[in-house]
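Read through the structure below, which is laid out as structure tokens, and then see the notes.
The figures here come from the full heavy-atom set of this structure, side chains too, leaving out hydrogens, waters and symmetry mates.
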Amino acid sequence: MIKFENVGLRYGIGPEVLSDISFALEPGSFHFLTGPSGAGKTSLMNLIYLGRRPTRGLVTMFGQSINDLDRRKLTPIRQRIGVVFQDFRLMNHLSTFDNVALPLRILGRPETEIQNNVNELLEWVGLGGKTNVLPPTMSGGEQQRIAIARAVIARPRLLLADEPTGNLDDDIGFRLMNLFDQLNRMGTTIVIATHNQAVIDKLGHPRMVLEGGRLNIESTAQKNWIQKKIQGVF
Amino acid sequence: MIKFENVGLRYGIGPEVLSDISFALEPGSFHFLTGPSGAGKTSLMNLIYLGRRPTRGLVTMFGQSINDLDRRKLTPIRQRIGVVFQDFRLMNHLSTFDNVALPLRILGRPETEIQNNVNELLEWVGLGGKTNVLPPTMSGGEQQRIAIARAVIARPRLLLADEPTGNLDDDIGFRLMNLFDQLNRMGTTIVIATHNQAVIDKLGHPRMVLEGGRLNIESTAQKNWIQKKIQGVF
Amino acid sequence: MFVQKDRKLGVADGKRQYDLPLNRDEGSGFLILLIALMTFLAVLALSASFVLRTMGDRWSSGLENKLTIEVPAESANETHDGIVISNENVKSLTQEIAEKIRHHPAVKSADILSDSEIQDLISPWLGEDVSLIDVPMPGLISVQLQVTTPETLHALEKAARDISPTARLDTHETWLNDLLRFTGAMQFAALIITLIIGATTFTAVAGAIRSRMAVHKDEVELLHLMGAKDDYITSQFQRHALTLTLQGCVVGVLGAGIVMVLIGLISGDTGGALIPDFRLGIVHMIALFLLPVAACGISALTARHTVLRVLAGMP
Amino acid sequence: MFVQKDRKLGVADGKRQYDLPLNRDEGSGFLILLIALMTFLAVLALSASFVLRTMGDRWSSGLENKLTIEVPAESANETHDGIVISNENVKSLTQEIAEKIRHHPAVKSADILSDSEIQDLISPWLGEDVSLIDVPMPGLISVQLQVTTPETLHALEKAARDISPTARLDTHETWLNDLLRFTGAMQFAALIITLIIGATTFTAVAGAIRSRMAVHKDEVELLHLMGAKDDYITSQFQRHALTLTLQGCVVGVLGAGIVMVLIGLISGDTGGALIPDFRLGIVHMIALFLLPVAACGISALTARHTVLRVLAGMP
Ligand SMILES: Nc1ncnc2c1ncn2[C@@H]1O[C@H](COP(=O)(O)OP(=O)(O)OP(=O)(O)O)[C@@H](O)[C@H]1O
Ligand SMILES: Nc1ncnc2c1ncn2[C@@H]1O[C@H](COP(=O)(O)OP(=O)(O)OP(=O)(O)O)[C@@H](O)[C@H]1O
Ligand SMILES: [Mg+2]
Ligand SMILES: [Mg+2]
């Protein structure tokens with residue numbers, strides 16, 4: 001579904017932040033993306049959601065090579081991707097409802113469908129009583145939940161989440177991870193960048209580790225041993 | 001040093017976010033502030049760093065009751081407080097160096113002193129090679145470290161940090177917690193709001209727990225049992 | 001300044017206007033004010049330029065098309081001091097010029113003034129008692145023209161000079177030439193000002209849209225990344241620019257109208273033929289009404305172009 | 001538009017100017033342009049108003065201070081058609097008015113026109129051959145004044161009317177009155193425009209500062225929370241407003257100067273006394289130079305006031 005081949009990225013004239021990144025994501029897969037701060041997790045996500053073109057290498061999305069695709073042809077690809085940004089990127093002048101409804105509106109869905117879907121999802125992430133509130137008057141965790149709701153509302157075929165639980169307590173954090181898991185079971189491919197070891201351990205999906213601009217994919221089997229050990233403790 | 005008596009806060013005509021908050025922080029103390037998302041941690045910090053006046057109740061800071069203090073008299077109090085905001089609040093047009101130097105410049109310190117102190121601290125938080133970079137081109141964790149450096153550069157007598165390690169991996173997270181500990185040993189009073197159970201457990205300072213708008217302070221003794229248990233595991 | 005319509009989304013009535021908070025930008029009222037002022041000044045300057053042209057035309061054509069040709073009694077030909085020419089000589093020269101001039105197509109009539117007529121004209125300067133025979137008398141031809149044009153005047157002057165090199169044209173209206181020159185300068189200034197104003201408005205709108213693009217760059221980029229088509233984004237800016245310009249133009253044109261009526265009231269009842277009323281022809285009216293229409297069109301296009309260019313820079 | 005000085009901080013040379021990115025705001029060039037345009041127009045309008053006043057003064061005083069008082073041969077007193085007064089009666093009335101008027105301080109001389117003089121004046125209308133004794137002759141007094149002022153004219157008219165109610169003042173210059181009225185209206189318009197421009201500039205600067213305050217509210221609040229004194233923040237905005245206004249004013253005044261020189265070149269060599277040159281007195285020059293100075297002062301104060309008010313709203 002998504003294939004990177006020898007992809008490299010540099011910002012301006014700086015050093016290569018990502019070099020020789022090669023991987024393929026199967027439809028319906030679920031990966032964690034980890035690595036120390038500044039390793040390039042956000043940068044890699046940026047490449048996947050087409051926020052930037054790579055400096056070199058081949059990128060294939062949904063079977064189309066995007067390297068020499070026309071600008072306009074990227075629009076339908078983008079509509080199939082949901083993103084939770086590390087810094088949320090909410091529209092501060094739009095209410096919680098309208099922020100979450102935005103992807104549906106861009107797709108031109110009928111307003112009644114929007115009304116139902118959005119309200120249901122907001123209820124589910126614990127923001128049912130805050131549909132008409134503006135993001136700047138909400139707590140960090142609440143904003144993060146809006147960002148997550150917005151990313152999943154249009155049932156994207158690919159979901160990218162950058163540190164989606166950094167501002168959430170463990171309870172609501174696991175609840176949202178379950179939401180991702182549920183989506184994954186319905187066929188959505190998922191990549192989550194996170195530092196939260198507890199979450200990674202609990203869900204046990206394979207890890208993509210970025211270090212020094214290179215990417216390693218650790219199999220699930222490798223992790224199972226540690227996971228078992230921890231579960232045995234409690 | 002800081003005393004809240006029956007403090008309440010409501011935003012506009014909404015419900016009371018904080019009610020009957022009463023506590024006192026001794027000079028040189030270190031507390032964690034926890035509670036579920038939306039409990040009011042950021043709001044309480046806001047009251048402490050004088051970003052808002054409480055709706056009711058008495059607040060005493062550094063021995064002065066601030067309830068009927070003139071606006072201008074608050075300025076020297078503010079200069080003694082360092083804050084790490086949950087959303088960083090960096091100046092996007094200023095370089096890393098200038099962001100961190102800002103508190104010293106406001107205090108009118110000589111430029112040579114600024115130069116030395118800032119460079120040393122940036123080195124320490126792992127941003128030595130990024131002094132001339134603008135915040136928007138940095139990773140989430142790098143920005144968070146700038147925010148922390150800015151809060152501590154002027155050796156404040158009170159340090160407030162709101163979720164200061166949410167975007168950091170455990171390594172650099174503990175390193176910064178050590179920085180806070182060090183400052184604390186030199187006399188700075190510290191309050192850190194965090195969801196990160198690992199950090200709370202490891203350092204073992206008393207917890208202030210916000211729940212339903214009320215505040216409970218859990219003694220260190222209470223936590224010690226759990227902490228020991230965990231340490232025994234590894 | 002203007003009632004801000006509630007653009008709040010989330011109401012399922014299909015009235016959704018903006019995803020971007022364009023209408024809440026602080027600068028909007030300010031831009032409207034600027035456009036209003038520009039329109040106001042442009043309408044005034046343009047009207048002034050029209051009025052001045054009408055005025056100039058009327059002055060140069062409406063006054064009696066009369067002039068006098070003087071054949072002095074001195075000839076400056078030979079010496080510095082001039083030689084006095086005999087009265088008979090003057091008379092024959094005058095006769096000759098009159099004959100020649102009469103055939104010019106622009107000349108209605110050319111009459112030689114009689115001695116007594118000349119005496120009437122001269123007496124205020126020389127006194128009643130001086131006998132005409134004692135002084136050298138100039139020859140005078142009173143000419144009535146069909147229309148006064150600079151070309152005709154030049155032709156007549158040349159014709160007269162060919163016969164008597166010292167002949168002089170006196171249009172009685174040198175001050176009018178001054179006035180016409182002045183009016184021309186004013187008209188020029190008015191047009192220059194209109195042009196400057198137009199350019200400024202254009203720059204202002206383009207600048208404002210560019211600045212709004214900059215302020216909302218993150219939001220625009222977000223929409224783009226979510227898969228919004230270029231048109232989805234462009235149309236919001238376009239509608240915004242159009243609305244602002246329209247509001248500004250209406251205010252400006254109304255203001256200018258009021259001021260013009262005021263000026264009309266103050267200067268309008270002069271009644272004299274010299275100063276025409278501040279009434280404009282139908283062509284001018286149309287030109288004045290095209291001004292705001294053009295402004296709206298230009299600013300919508302400017303907005304579209306500006307936004308598309310920024311969008312083209314996004315991956 | 002203007003070379004942006006490098007305000008980058010972190011260089012230990014004490015040249016630190018702004019913590020806030022005011023000088024990088026997109027709107028700056030635009031505001032400079034606006035202020036330049038406003039200054040340009042204000043200087044032009046003010047100059048025009050001065051020139052018009054000078055022109056009006058010269059026209060009303062500079063022309064020959066002559067007028068004629070006519071004592072008609074008909075009295076409109078009793079009947080609609082009027083009664084013809086005997087020539088002797090007219091003569092005595094005329095004499096009486098002339099005597100009375102001579103003592104008015106503004107009157108230099110007042111001469112009664114002789115019959116032959118009157119005939120000279122009338123002959124163009126009645127023909128040379130009509131004997132004066134056959135028609136009722138009006139009495140005419142040629143008056144030379146020191147200066148022509150409306151008050152003098154009114155006084156003279158009243159004096160004449162006291163003696164002969166049908167007496168009429170003829171200044172030969174009714175068209176001049178029209179012109180003066182027109183000039184007055186133009187002058188009024190120029191002043192109104194200057195005032196509107198001033199108000200707009202004021203609003204624009206206040207609006208721009210308020211909008212910058214809004215854009216940088218978070219940053220200002222941050223500085224405030226870090227313990228920055230009000231002055232620390234205010235002075236940055238103040239300096240910013242001052243810089244922008246100064247740049248705008250310089251451009252505007254220069255532009256206006258160029259246009260005035262241009263207009264002077266086009267209309268300046270008229271040489272006629274009727275249209276004065278576009279030369280301004282020293283007082284006017286000072287007034288024109290005070291304009292930008294006042295603009296700078298006002299905008300610095302506006303900025304200070306605006307920012308202080310926002311800061312006062314912070315806890
Ligand atoms: N727009 C940009 N321009 C220049 N450099 C950038 C830009 N964005 C990121 N970088 C640099 O690229 C490197 C990787 O950044 P990135 O945000 O991808 O890291 P990350 O893995 O997401 O880190 P974190 O866990 O702290 O969020 C960093 O050194 C950062 O300074
Ligand atoms: N400026 C504001 N105006 C109105 N309501 C606000 C404002 N700021 C916060 N709130 C509300 O007050 C409550 C407490 O918010 P606060 O940010 O203090 O929570 P928090 O404990 O910091 O949560 P988190 O862990 O998610 O950051 C929330 O319900 C939030 O919506
Ligand atoms: Mg990141
Ligand atoms: Mg918070």
Original post:
B:V7 and B:L58: side-chain contact (heavy atoms from CB on, under 4.5 Å), yes or no, with the steps?
Top reply: CA-CA 6 Å; B:V7 169; B:L58 292 175; 5.9 Å; no
Subject >> Side-chain donor or acceptor of B:T96 paired with backbone N/O of B:V133 under 3.5 Å >> reply: yes
Subject >> Engaged part of D:L225 at the chain B interface, taking heavy atoms whose separation is under 4.5 Å >> reply: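 Both parts, heavy atoms under 4.5 Å.
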Subject >> Cation over ring face, B:R145 and B:W124, 6.0 Å, 45° >> reply: no
Subject >> Cationic tip of B:R80 above B:F62 ring, under 6.0 Å, 45° of axis >> reply: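 The answer is yes; both the distance and angle limits are met.
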Subject >> Toward chain D, the part of B:R150 with a non-hydrogen atom under 4.5 Å >> reply: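 For B:R150, the side chain is the part near chain D, not the backbone.
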Original post:
How about residues 40-55 of chain B versus chain D: which residues have heavy atoms under 4.5 Å apart?
Top reply: B:Y49, B:L50, B:G51, B:R52, B:R53
Subject >> Identified side-chain contact (heavy atoms from CB on, under 4.5 Å) counterpart of D:I35 within the set D:T245, D:V250, D:V251 >> reply: D:T245
Original post:
Between B:H31 and B:F23, does a side-chain contact (heavy atoms from CB on, under 4.5 Å) hold up when you go through it step by step?
Top reply: CA-CA 12 Å; B:H31 287 86; B:F23 67 91; over 6 Å; no
Subject >> For the student: nearest non-hydrogen atoms of B:V59 and B:N67, plus distance >> reply: N-OD1, 2.9 Å
Original post:
Between B:H205 and B:D181, do the side chains contain an N or O donor and an N or O acceptor separated by less than 3.5 Å?
Top reply: yes
Subject >> Contact residues of residues 300-309 of chain D (partner chain B; heavy-atom separation under 4.5 angstrom) >> reply: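 From residues 300-309 of chain D, none sit under 4.5 Å of chain B.
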**OP:** State whether the number of non-hydrogen atoms from other residues, nucleotides or ligands found under 6.0 Å of B:E16 atom CD is greater than 12.
**Re:**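 More than 12 heavy atoms, drawn from other residues, nucleotides or ligands, come within 6.0 Å of this atom.
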**OP:** Assess whether side-chain contact (heavy atoms from CB on, under 4.5 Å) is satisfied between B:R207 and B:L33, documenting all intermediate values.
**Re:** CA-CA 6 Å; B:R207 300 200 311 164; B:L33 178 61; over 6 Å; no
